[in-house]
Chemist: 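Here's a structure for you.
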Amino acid sequence: MSPPELPPPMRHYSAGQIALIVIGIILLLPGACAVFFMTQMGGEVRWSDPITQMIVVLWAICFAVSALGVALIVWARKRARTAL
């Protein structure tokens, strides 16, 4: 019989890492709202309409902000993983 495997050690997050994760989660909200409104406007999009073009640019900005939030979360978790 082999000895029982020990569980991996718990990750310990510093206050700065927790703050980065919380800020990252907050930055995910614009992307979630953009996805919601994209699904609601699904059949009503006319690409020749200038208002629609501005809305699409706004969605792109929202997705860029959400990508920054994902990057913050990944970076904070990676730093917690290497701090063990």
Side-chain angles (χ1 to χ4, degrees):
M1 292 181 73
S2 63
E5 293 184 24
L6 296 174
M10 296 280 298
R11 290 185 182 153
H12 296 286
Y13 293 102
S14 68
Q17 291 166 339
I18 292 172
L20 284 176
I21 291 173
V22 169
I23 291 169
I25 291 171
I26 291 171
L27 290 176
L28 290 175
L29 295 176
C33 290
V35 168
F36 174 74
F37 285 109
M38 284 174 77
T39 58
Q40 297 301 314
M41 285 184 59
E44 301 175 15
V45 175
R46 292 188 317 257
W47 294 105
S48 61
D49 186 20
I51 300 296
T52 301
Q53 293 172 358
M54 286 188 281
I55 290 173
V56 170
V57 170
L58 180 64
W59 287 341
I61 293 169
C62 290
F63 288 136
V65 169
S66 291
L68 178 64
V70 169
L72 279 176
I73 293 170
V74 168
W75 186 66
R77 289 183 51 96
K78 188 180 290 188
R79 297 235 347 170
R81 196 175 318 143
T82 58
L84 295 176

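These numbers come from the heavy atoms of this one structure, side chains and all, not from hydrogens, waters or symmetry mates.
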Chemist: Is there a path of hydrophobic side-chain contacts, each under 4.5 Å between heavy atoms, that joins L20 and I18?
Modeler: no
Chemist: Using side-chain contact (heavy atoms from CB on, under 4.5 Å) as the criterion, list what pairs up with L29, not counting sequence neighbours.
Modeler: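 Checked L29 against side-chain contact (heavy atoms from CB on, under 4.5 Å); zero matches.
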Chemist: Check whether M38 and F36 end up in the same hydrophobic cluster, where Ile, Leu, Val, Met, Phe, Trp and Tyr are linked by side-chain heavy atoms less than 4.5 Å apart.
Modeler: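 Yes; tracing contacts between hydrophobic side chains, which count when under 4.5 Å, links both residues.
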Chemist: Would you mind reporting whether M41 and W59 have side-chain heavy atoms less than 4.5 Å apart?
Modeler: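 Yes - at least one pair of side-chain heavy atoms lies under 4.5 Å apart.
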Chemist: What verdict does the side-chain contact (heavy atoms from CB on, under 4.5 Å) test give for Y13 and R79, after you've listed the backbone C-alpha separation in whole Å, the side-chain angles of each residue and the deciding distance to 0.1 Å?
Modeler: CA-CA 9 Å; Y13 293 102; R79 297 235 347 170; over 6 Å; no
Chemist: Run the side-chain donor-acceptor check on residues 64-75: report pairs under 3.5 Å with partners two or more places apart or on a different chain.
Modeler:
unit_1 : atom_1 : unit_2 : atom_2 : d
S66    : OG     : L27    : O      : 3.4
S66    : OG     : L28    : O      : 3.4
S66    : OG     : G31    : N      : 2.8
S66    : OG     : C62    : O      : 3.2

Chemist: Are L58 and I51 linked, directly or through other ILVMFWY residues, by side chains that come within less than 4.5 angstrom of each other?
Modeler: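 The answer is no; the residues belong to distinct hydrophobic clusters.
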Chemist: Could you tell me which non-hydrogen atom of Q17 sits nearest to which non-hydrogen atom of A76, and how far apart they are?
Modeler: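 Distance-wise, the nearest heavy atoms are O-CB, 3.8 Å.
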Chemist: Would a single hydrophobic cluster contain both F63 and I61, if residues Ile, Leu, Val, Met, Phe, Trp and Tyr are joined by side-chain heavy-atom contacts under 4.5 Å?
Modeler: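 No; F63 is not reachable from I61 via cluster members.
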